[in-house]
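Down below is the structure, laid out as structure tokens.
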Amino acid sequence: MSNNGVMIRVHNPHPWPSTEQEAVAVQEHLRSLVRFDGEPEVVRTAAGLDVAYREDTNELVAAVTVLDMGTLDIMDSVVVRGKPEFRYVPGLFAFREAPPLLEALTRLSVEPDILVCDGQGLAHPRRFGLACHIGVLTDTPSVGVAKTAMGRYEPPGEQRGDWSPLYCDSEIAGRALRTRHGVKPVFVSVGHRLTLDTACELILRLAPFYRLPETTRSADRLGRSAPA
DNA sequence: GCGACAG
DNA sequence: ATCTTGTCGC
């Protein structure tokens with residue numbers, strides 16, 4: 001269902017922080033807004049969010065694709081460029097990548113039922129990774145899929161679908177999920193308005209061919225192939 | 001104090 | 001993130 005109105009809106013109760021101390025304070029407040037209910041009854045579309053870097057222009061290139069969950073066809077896509085307003089700091093990743101991603105989400109014309117972010121959700125030092133941040137500010141179900149873990153885990157079984165708990169500070173914050181036989185697992189954690197079971201189920205559906213979900217792969221391709 | 005540390 | 005060759009396997 002497409003229309004000309006804005007489907008995803010950003011509700012940001014804080015000015016964007018300029019120091020690491022302020023950023024941590026913002027996270028500690030926003031994390032109280034993460035919800036685990038309100039899961040969508042049926043997920044028909046899923047958005048992939050990724051950011052590429054252009055060394056030549058010192059710009060961030062945020063790319064968002066919306067895929068049909070049934071066919072994995074790309075139904076919509078948006079690219080937004082922006083200047084980095086925050087240096088990369090582990091744990092404060094969202095303050096660097098979220099601005100252009102949020103702007104891109106606002107410009108979509110096909111509504112995504114869930115957002116698949118390239119990074120952590122609850123599997124974060126303060127339980128508020130990029131996926132939680134994006135999910136809360138847009139009040140949209142979201143999940144984080146990271147290529148490397150921020151917590152500790154034991155290797156899951158070798159079969160596709162096998163998983164093991166991902167621990168952060170002795171708490172289960174996500175899962176190491178095997179999307180392909182014999183390939184390094186991806187690290188899935190809830191962002192907002194989803195359960196971990198549903199999140200893993202969706203990621204497996206989105207990753208029938210490769211280690212990473214097609215949402216992430218398509219957004220990554222789009223971002224790095226964007227015109228100069 | 002030293003190492004670890006999403007992209 | 002990005003820089004990069006060859007190599008193994010389906």
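Since we're looking at a predicted model, the values are computed, not measured. Throughout, a chain's letter reflects where its sequence line sits, starting with A, and its residues are numbered from 1.
- For the pair D118(A) CG and dT2(C) P, the computed distance is 10 Å after rounding to whole Å.
- Within the 4.0 angstrom heavy-atom criterion, base atoms lie near G91(A).
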Stepwise side-chain contact (heavy atoms from CB on, under 4.5 Å) test for L204(A) and T179(A): CA-CA 6 Å; L204(A) 278 175; T179(A) 52; 4.3 Å; yes

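- Following rounding to the nearest Å, L130(A) (CG) and dA1(C) (P) show an atom-to-atom distance of 13 Å.
- No contact: E55(A) has no heavy atom under 4.0 Å from any strand.
- Ion pairing between a basic and an acidic side chain is recognised when a charged N comes within 4.0 Å of a carboxylate O; E158(A) and R178(A) show such pairing.
- Side-chain contact between T45(A) and E111(A): absent, with no pair of heavy atoms (C-beta onward) separated by less than 4.5 Å.
- Distance K147(A) NZ to dT2(C) P: 9 Å, rounded to the nearest Å.
- Across all strands, L60(A) comes closer than 4.0 Å to no nucleic acid atom at all (heavy-atom distances).
- Remark: C1' of dA6(B) and CG of L212(A) are 13 Å apart, rounded to the nearest angstrom.
- The CZ-P distance, from R87(A) to dA1(C), rounds to 18 Å in whole Å.
- At a threshold of 4.5 Å between non-hydrogen side-chain atoms, the residues R126(A) and V24(A) count as touching.
- For R54(A) and dG7(B), the CZ to C1' distance is 17 Å, given to the nearest whole Å.
- Taking 4.0 angstrom as the limit, R224(A) places a side-chain polar atom (N or O) nearer than this to OP1 or OP2 of dT2(C).
- Whole-Å rounding puts the F93(A) CZ to dA1(C) C1' distance at 8 Å.
- For the pair H181(A) NE2 and dC10(C) P, the interatomic distance rounds to 11 Å; values are reported in whole Å.
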Derivation and outcome, side chain to side chain donor-acceptor pair (under 3.5 Å), residues E154(A) and Y167(A): CA-CA 10 Å; E154(A) 294 300 320; Y167(A) 294 91; over 6 Å; no

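- In terms of phosphate contacts, Y53(A) brings no side-chain nitrogen or oxygen within less than 4.0 Å of OP1 or OP2 of dG7(B).
- For the pair T148(A) and dC5(B), the criterion of a side-chain N or O lying under 4.0 Å from OP1 or OP2 is not met.
- Contact annotation for L49(A): no contact, since no heavy-atom pair falls under 4.0 Å across all strands.
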